[in-house]
Amino acid sequence: MTEMLLKYFREQQKQVETERIYNTQCPYCSMQCKMQLVEQTHVKRKTYKTIGRDNPTSQGRLCIKGMNAHQHPLHKDRIQYPLLKVNGEFVKISWREALDYIKEHVTEIQEKNGADALGVYGSASITNEEAYLLGKFARVALKTKYIDYNGRLCMSAAASAASKTFGMDRGFTNSLQEIPFTECIMLAGTNIAECQPTIMPYFEKAKENGAFIIAIDPRETGTTKIADLHLKLKPGSDAALANGILKVIIEENYLDERFLQERVNGFEEVMQYVASLEFSVIEEKTGVPLEKMYQAARMFGQRETGMIFTARGVEQQTDGSAAVRNFLNILLSVGKIGKPRCGYGAITGQGNGQGAREHGQKADQLPGYRSIENHEHRMYIADVWNIEEKDLPRKGVSAYEMIEKIHDGEIKGLFLVCSNPTVSNPNANFVKKAFETLEFLVVADMFESETAKLANLILPASSYLEDEGTMTNVEGRVTLREASFPRRGEIKHDWEILCEIAKVLGKEEYFSFSSAEEIFNELRIASKGGIADYSGITYERLRAEKGILWPCRSLTDKGTERLFETRFAHSDGKAMMVPVSNQAIVPKAKITKKYPLYLTTGRVVSHYLTGVQTRKSASLSARNFESFMEIHPSTAKKYEISNQELVQIESSYGRIVVRSKFSEGIRPDTVFVPFHWADSQNVNNLVSEKLDPACKMPGFKVSAVNISPSVKRSSY
């Protein structure tokens, strides 16, 4: 049998006429793994495979998504030409016709309703250059204040918490290379085994080296399996659990008193608040036994080094920003930051979740992590853009709040880039209805997503194989994504599309770029002196050095591997602790007689975001071709649900139907549904529209639901 296989492969290799290799990096998670697409031309066909490339972050590793990423840009359904909706159907038109259509409708809407009648909805999956240009496009070409992006649903809680605590937000305060050598690790609300598989070896190596790993999650996952201690808390009780751990640290005196005195403000207030809390109340609220809180606090407090990592499980709540701040309170209380093998990491979800929030896509932000309401910041960017400061719009609103303004008729037209908000947003039924009211919707994408189907005009956008540019990964490491795969049809890069639209709107002088590198060089100037300073980074350096951790303030600056070694980024150089209540300001869903179970959401390893790309990959779709509801067998028995049975899940916002999947690793009071599917399987149909007041993050991780068999059984 072996000889026959070898003979077969030798024959196949003989038929290879040419081989081409394209350097690129994965379009999915924030690890941004470097890879190569190998294209082989045989006598009668072409074949493709993706292999990993060595790099400082993932060291040549790829996960199942990365290995099959090429399948979606090569898919037959890829949009290759502008498509205009005529009598309910999309028809192919020329780029000239598309641009004339845009000019006509932009002019008409803004003349009738003002500049702010148009909005821009961006993405954390596009390059830094395109994120930067999108912010400039909104504020200079359209002169609208309404721009935000889908990263608001992903990283906003961690970003706001780090900014308020440390004075700045970079995904990791240290490089990944320090993780294997730390002695205690707290993984709060993160399932890296499925969401960022290529980061797992860092944690596995730490465990081999003797690190004690604490996992905080309502479910048992591939990540909790490596933990020495699993705190299986009730969904939504993360802030309270952090208070419990903090209370033990204070009472057992694991504090780094010198660090607190010299480098931290606000500890006394935190200590007084935590002292007022009762362990019995925290135990009841979290469902975590007191002895486990003690164990977690002792291990993290006693070990010389330690790191805390948070992700969507903690952050996607209506008190997500506060909950993250409370985990940062723990970190500061024991002085485990700014030192070797000590620090914090926000496990970014989207590929460019870090860079996309640094350079102007957020409603309140200008490039370099500057504030749009700060006069000095406004003056600087206005000068870079060669406009008057008074002409720069003020702060807009968050992504979901923009949708509310669409629903209310204040925003009448929208430019949407690389996102699928009718599926990804909370209260998804409402979101779809809002989008259906738009007078003018232009979508730049690769496929007819559920949202693109509602558009007046779809513009064909390039993929990761074709679109060169920089990305900023989970660490805050800026990388250069090479991309030279030939584009099919009339596909354009997002930055080219923006420049061409700006030109027909009479703004060509501000958007006369001919390459991504030109845009990056302007970004460097725009970011100079800001918190996220890229001014010392060039394409040439990125190619030679394989990525640079910002801030990088000059061409001789090697970048910053470890933040806060001598001072934090607040003006006085100190970090800021604040008391965090066990109760969210915005009330969370509570289980009731009508809705007796918690619902939480998350990812599976074979899919990404709303699945628009991964469901176009045959290899990935075959692994998970439909959604499911993970449920404890004892809970299923109570509700008369069988394994692999279709189940209806209902909240006060809507209902969906998915297939049951038994798991003894989930809390009996909780069910879990992944969020990669749309329509009748879209779990976001069940999620409340309530937002975190600090960062406008929706509360995806805590809903109250009831469940029942989808098909009523006969009574005889």
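The shortest side-chain heavy-atom distance between M168 and L563 falls under the 4.5 Å cut-off. The closest side-chain heavy-atom distance from I185 to F203 is below 4.5 Å. Contact of the Q32 side chain with the T57 side chain is not registered, since no non-hydrogen atoms from C-beta on lie closer than 4.5 Å. Using a 4.5 Å cut-off on side-chain heavy atoms (C-beta onward), E664 and P633 make contact. Contact check for N352 versus R357: no side-chain heavy atoms found under the 4.5 Å cut-off. Within the 4.5 Å cutoff, the side chain of I214 has heavy atoms near those of the L231 side chain. Contact annotation: the side chain of M577 approaches that of L260 to within less than 4.5 Å [non-hydrogen atoms, C-beta and beyond]. Taking the side chain as every heavy atom from C-beta outward, M293 and I282 approach each other to under 4.5 Å.
Around atom CZ of R623, no more than 12 heavy atoms belonging to other residues, nucleotides or ligands sit under 6.0 Å away. E401 CD: more than 12 foreign heavy atoms inside a 6.0 Å radius. Within a 6.0 Å radius of CD in E304, other residues, nucleotides and ligands contribute 12 heavy atoms or fewer. Heavy atoms of other residues, nucleotides or ligands lying less than 6.0 angstrom from CD1 of I585 number 12 at most.
By the 6.0 Å and 45° rule, R341 does not stack over the aromatic ring of F181. Under the 6.0 Å distance and 45° angle rule, K65 does not count as a cation-pi partner of Y608.
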### Task
Starting from the C-alpha separation in whole Å, work towards a yes-or-no answer on side-chain hydrogen bond (donor to acceptor under 3.5 Å, both in side chains) for S419 and Y149.
CA-CA 8 Å; S419 191; Y149 77 129; over 6 Å; no
### Query
Does the pair D217 and N191 meet the rule for a side-chain hydrogen bond (donor to acceptor under 3.5 Å, both in side chains), with working shown?
CA-CA 8 Å; D217 199 305; N191 182 13; over 6 Å; no
### Query
Passes side chain to side chain contact (heavy atoms under 4.5 Å, CB included), Y400 versus R152? Steps please.
CA-CA 9 Å; Y400 187 82; R152 180 73 69 169; over 6 Å; no
### Message
Is there a salt bridge (charged side-chain N to carboxylate O under 4.0 Å, His left out) between K696 and D148? Walk through the geometry before answering.
### Response
CA-CA 11 Å; K696 308 303 180 182; D148 212 66; over 6 Å; no
### Task
Applying side chain to side chain contact (heavy atoms under 4.5 Å, CB included), run through H570 and K574 and close with a yes or a no.
CA-CA 6 Å; H570 288 301; K574 292 188 174 184; 5.9 Å; no
### Query
Does the pair S30 and N473 meet the rule for a side-chain hydrogen bond (donor to acceptor under 3.5 Å, both in side chains), with working shown?
CA-CA 5 Å; S30 58; N473 74 8; over 6 Å; no
### Query
Checking salt bridge (charged side-chain N to carboxylate O under 4.0 Å, His left out) for the pair K205/E208: CA distance, chi angles, key distance, verdict?
CA-CA 5 Å; K205 186 64 177 176; E208 287 176 18; 3.7 Å; yes
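Checked by atom type, the side-chain pair S163/D169 shows no donor-acceptor distance below 3.5 Å. Side-chain contact, D692 with S321: no donor N or O sits under 3.5 Å from an acceptor N or O. N425 and N684 are not linked by any side-chain donor-acceptor pair at a separation below 3.5 angstrom, with hydrogens and angles left out of the test. Side chains of N265 and D572: a donor-acceptor N/O pair is present below 3.5 angstrom, by distance only. Side-chain contact check for T310 and Y344: at least one donor-acceptor pair (N or O, by modelled atom type) lies under 3.5 Å. Using modelled atom types, one finds no donor on one side chain facing an acceptor on the other under 3.5 Å when comparing E257 with Q261. No hydrogens or angles considered: nothing links the side chains of K661 and Q644 as a donor-acceptor pair under 3.5 Å. E183 and T305 share a side-chain donor-acceptor pair at under 3.5 Å. If you check the side chains of Y202 and E178, you find no donor sitting under 3.5 Å from an acceptor. A donor atom on one side chain and an acceptor atom on the other are not found under 3.5 Å apart for S708 and Y639. Between Q350 and N150, the side chains place a donor N or O and an acceptor N or O closer than 3.5 Å (distance only, hydrogens not considered). Side-chain contact, T165 with R325: a donor N or O sits under 3.5 Å from an acceptor N or O.
Between A323 and D238, the closest heavy-atom pair is CB-CB, 4.4 Å. In this structure, F259 and G335 approach most closely via the heavy-atom pair CD2-CA, 3.5 Å. Residues P197 and A193 come closest through the heavy atom pair CG-O, 3.5 Å. Closest approach of L176 and E475 over heavy atoms only: N-OE2, 2.9 Å. Contact detail for V604 and H676: the closest heavy-atom pair is N-NE2, 3.0 Å. Among all heavy-atom pairs drawn from I666 and K232, the shortest one is N-NZ, 4.5 Å.
With T610 contributing its side chain and S424 its backbone, the two residues share no donor-acceptor pair below 3.5 Å. Side chain of R312 to backbone of I347: a donor-acceptor contact under 3.5 angstrom is found. Between the side chain of Q681 and the backbone N or O of S627 there is at least one donor-acceptor pair closer than 3.5 Å.
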Just list the side-chain donor-acceptor pairs under 3.5 Å for residues 592-602, sequence neighbours left out, or say none.
from: T592; atom 1: OG1; to: K594; atom 2: N; distance (Å): 3.4
from: T592; atom 1: OG1; to: Y595; atom 2: N; distance (Å): 3.0
from: T600; atom 1: OG1; to: K701; atom 2: O; distance (Å): 3.1

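Taken to the nearest 0.5 Å, the CG atom of D256 stands 9.0 Å off from the CZ atom of R258. Atom-to-atom distance recorded for R219:CZ and F672:CZ is 4.0 Å, nearest 0.5 angstrom. With rounding to the nearest 0.5 Å, the separation of NZ in K339 from NZ in K336 is 7.5 Å. With values rounded to the nearest 0.5 angstrom, T614 atom OG1 is found 10.0 Å from R603 atom CZ. Note: N243 CG to F327 CZ = 9.5 Å, rounded to the nearest 0.5 Å. If you take CD1 on I337 and CG on L328, they are separated by 7.0 Å, rounding to the nearest 0.5 Å.
Screening residues 278-297 for side chain to side chain donor-acceptor pair (under 3.5 Å), with sequence neighbours left out, gives no hits.
Using a 4.0 Å cut-off between charged side-chain N and carboxylate O, K225 and E220 make no salt bridge. Between R659 and E645, none of the side-chain N atoms (NZ, or NE/NH1/NH2) sits under 4.0 Å from a carboxylate O, so this pair counts as no salt bridge.
Ring centers of F172 and F309: under 6.0 Å apart, within the cut-off.
Classification of the F166-F568 ring pair by plane angle, with boundaries at 30° and 60°, yields parallel.
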